[in-house]
Amino acid sequence: MKITVLTAFPEFFRSFLETSIVGKAVERGLLEVSVVDLRGYGEGDYRRIDDYSFGGNGGMVLMAEPLTKALEDLNDPSYVVYPSPQGVTLTQEIVESISTKDHLVIVCGHYEGVDERFVGSKVDMELSIGDYVLTGGELPAMVVIDSVSRLIPGVVGKGRAVVEDSFYRGMLDNPHFTRPAEWRDMKVPPVLLSGNDKEIELWRRRESVSRTLTRRPDLMARASLRDYLEKGYYVLWSPPDKIDPSALRTIVDGCVSYGVSKLLIPVVDGIRRDSLRALVSELKVDSTVKLFPSYQRGLEWIAKKEKATPFSVSMGKGKGEASLSWIEVKMEFLSRRCPGVFVFGDFVEGDVVMRPVAGDDRDRSALPVQNAVSVVLDRFFGWR
Ligand code: ADE
């Protein structure tokens, strides 16, 4: 990957690029970073790159022409990022997305900002590193370079370190400890000294979950629960009398894509069950679908398989105010350590009732069940 920084203060980057892990990555040829001095493209004897803001308060604005000339001089297709407090907030997802670009150009603004015509015509993404104002784009540029470069294979020593980071799959990192095992009467959690890798992994995941739930519940909307649930999760669908094979196919595909352990279909009537069994085998979805004579029998089967009572959530309005938002249900799932069941179709309510998937008009949920299944699974197990 190649990163070019356009800046009026190239000296800012010297020690950053010489001493940091990023510097080592540059040295080892894993990353190429060049810093271009904008003054080299300035106008007139004084190499002017900024001017007074039109109609403004006397502040200085970087001119569009020197920036554009510097960009054109690179003569290479690139993805242009402009750090500014007006940009979208930098998240790990954005870092992941920009780390896939072959050539990233970071334009450092200063003073009042950059001529908006340059931003509008040349910038692919305006990025903020937080809701506060800095004096220029150099520090944000280093933040971008640092966060992007550590995703390049080989830059951070251990491959696992990046995978276990905060925000990997949307959760915060677990706490870390080092020697001594007891320091000023404070002991390291004993499990970390046990040598039991499985237990340690479980402890890590639980710590990540509880930290995220208490410190950053807002992250829950985006997090996939896939790696954090301790038991399997299931979809239980009570089908209409006449099943549309394509609806069944779509539900199965959704279940497979989102890691659902099994799709359970309760059908009371034996003849109907036989004909559904025939359809299941015709569609070759036997490994995902399991038929039951009742809802209760389905839940019992899960309890036996997982050696734990499942926690079920159905979709609907619930009694009175009883229905929960999907975020509340997501948090509920994480705080329990039992198998989860998403119940679709109209019959008994689950342990909790989740407000149904709805479009603009909340009173009218006209979404076919197969679409609702995909939307719900994506909210719980999708990556965003
Ligand atoms: N430039 C000044 N403040 C900034 C911020 N918060 N994020 C990105 N660029 C900036």
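Atoms considered below: every heavy atom in the structure, side chains included; atoms not considered: hydrogens, waters and symmetry mates. Order of appearance sets the numbers: ligands from 1, and atoms from 1 within every ligand.
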Problem - Sidechain N-carboxylate O distance under 4.0 Å for Arg211, Glu207 - result: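 Here Arg211 does not pair with Glu207 in a salt bridge, since their nearest N and O are not under 4.0 Å apart.
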Problem - Ion pair check, Arg206 and Glu230, cut-off under 4.0 Å - result: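 So Arg206 pairs with Glu230 through a salt bridge.
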Taking distance alone, no hydrogens or angles, what donor-acceptor pairs closer than 3.5 Å link side-chain atoms of residues 123-135 to residues at least two apart or in another chain?
{"unit_1": "Asp124", "atom_1": "OD2", "unit_2": "Val80", "atom_2": "N", "d": "2.8"}
{"unit_1": "Glu126", "atom_1": "OE2", "unit_2": "Ser84", "atom_2": "OG", "d": "2.8"}
{"unit_1": "Ser128", "atom_1": "OG", "unit_2": "Gly130", "atom_2": "N", "d": "3.0"}
{"unit_1": "Ser128", "atom_1": "OG", "unit_2": "Gly130", "atom_2": "O", "d": "3.0"}
{"unit_1": "Tyr132", "atom_1": "OH", "unit_2": "Ile129", "atom_2": "O", "d": "3.0"}

Exercise for the section: Go through the side-chain N and O atoms of Tyr234 and Lys290 and say whether any donor and acceptor fall under 3.5 Å apart. Expected result: no
Atom pairs and distances, donor-acceptor, side-chain atoms in residues 32-42, under 3.5 Å, two or more places apart:
{"unit_1": "Asp37", "atom_1": "OD1", "unit_2": "Arg39", "atom_2": "N", "d": "3.0"}
{"unit_1": "Tyr41", "atom_1": "OH", "unit_2": "Asp73", "atom_2": "OD2", "d": "2.5"}

Problem - Set of residues that line ligand 1, where lining means a heavy atom lies under 4.0 Å from it - result: Pro83, Ser84, Pro85, Leu127, Ser128, Ile129, Gly130, Tyr132, Val133, Leu134, Gly136, Pro140
Handout entry: Under the side-chain contact (heavy atoms from CB on, under 4.5 Å) test, residues paired with Gln296 that sit two or more places apart
Key = Ser294, Leu299, Glu300
